[in-house]
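Here the structure is laid out as structure tokens; the discussion comes afterwards.
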Amino acid sequence: MDSEFHRMARDIMEHPRFQQLRGFIHHGADNSVYDHSVAVAESAYAIARKMRLSEGETQSVVRAALLHDFFGYDWHSDRFRRYRGSFSGIQRLARMHAFVHGHIAAGRARRTFGLTDRECEAIARHMFPLAAMPRTRIAWIVTWADKVVASKEMTLALGGYMTSFYQKIFGALA
Ligand SMILES: [Fe+2]
Ligand SMILES: [Fe+2]
């Protein structure tokens, strides 16, 4: 039988534009934007349930969390680097992925899935303190879940890079 989480998440998770996120690497070679987004949504759902939020608010938490990184481009790509490189000084800084992707994701989420203003605001502010401060419980939960999940993923990725680095060094010495 379906879990409550899957009932709330299914229409987004099965959508072709959300499935495209499987093709974008995120925090390390083994982590896609899809993997990350689903992990953040599961974690945000667990927090919402622990806080005894209403079903409607929990659904908003799940939708905003699933789509918080729905920016739809590969931020490691040469194409994105060239785009930023076409600007200079403060304009280039302002277009750093960390600053812009929350707003881009919110716009795409609204256009593709018709998210509410509160859900879009949660997405646009999830990069706090690099973005404006969250103002709702939904936004705080998405921001917190993203930080926790991203920290775990980046720690794992760093461990993987260190292991392959040492294997190369010791392999060359053996
Ligand atoms: Fe993000
Ligand atoms: Fe994220």
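The analysis underlying the following values was restricted to heavy atoms, covering all of them including side chains, and did not include hydrogens, waters or symmetry mates. Counting starts at 1 for both ligands and their atoms, in listed order.
Taking backbone and side-chain atoms together, H126 has no N/O/S atom less than 2.8 Å away from the Fe ion (ligand 2). With 2.8 Å as the limit, H68 counts as an N, O or S neighbour of the Fe ion (ligand 2). Within the coordination shell of the Fe ion (ligand 1), defined by N, O or S atoms under 2.8 Å, D146 is absent.
Side-chain contact of T58 with R49: a donor-acceptor pair under 3.5 Å is present, judged by distance alone. R17 and Q20 share no side-chain donor-acceptor pair at under 3.5 Å.
Results of the side chain to side chain donor-acceptor pair (under 3.5 Å) test with Y73 over R79, H97, H101 single out H97 as the only residue that passes.
Centred on the Fe ion (ligand 1), the angle running from H101 (NE2) to D69 (OD1) is recorded as 90°, rounding to 10°.
Side chain of H126 to backbone of I123: a donor-acceptor contact under 3.5 angstrom is found.
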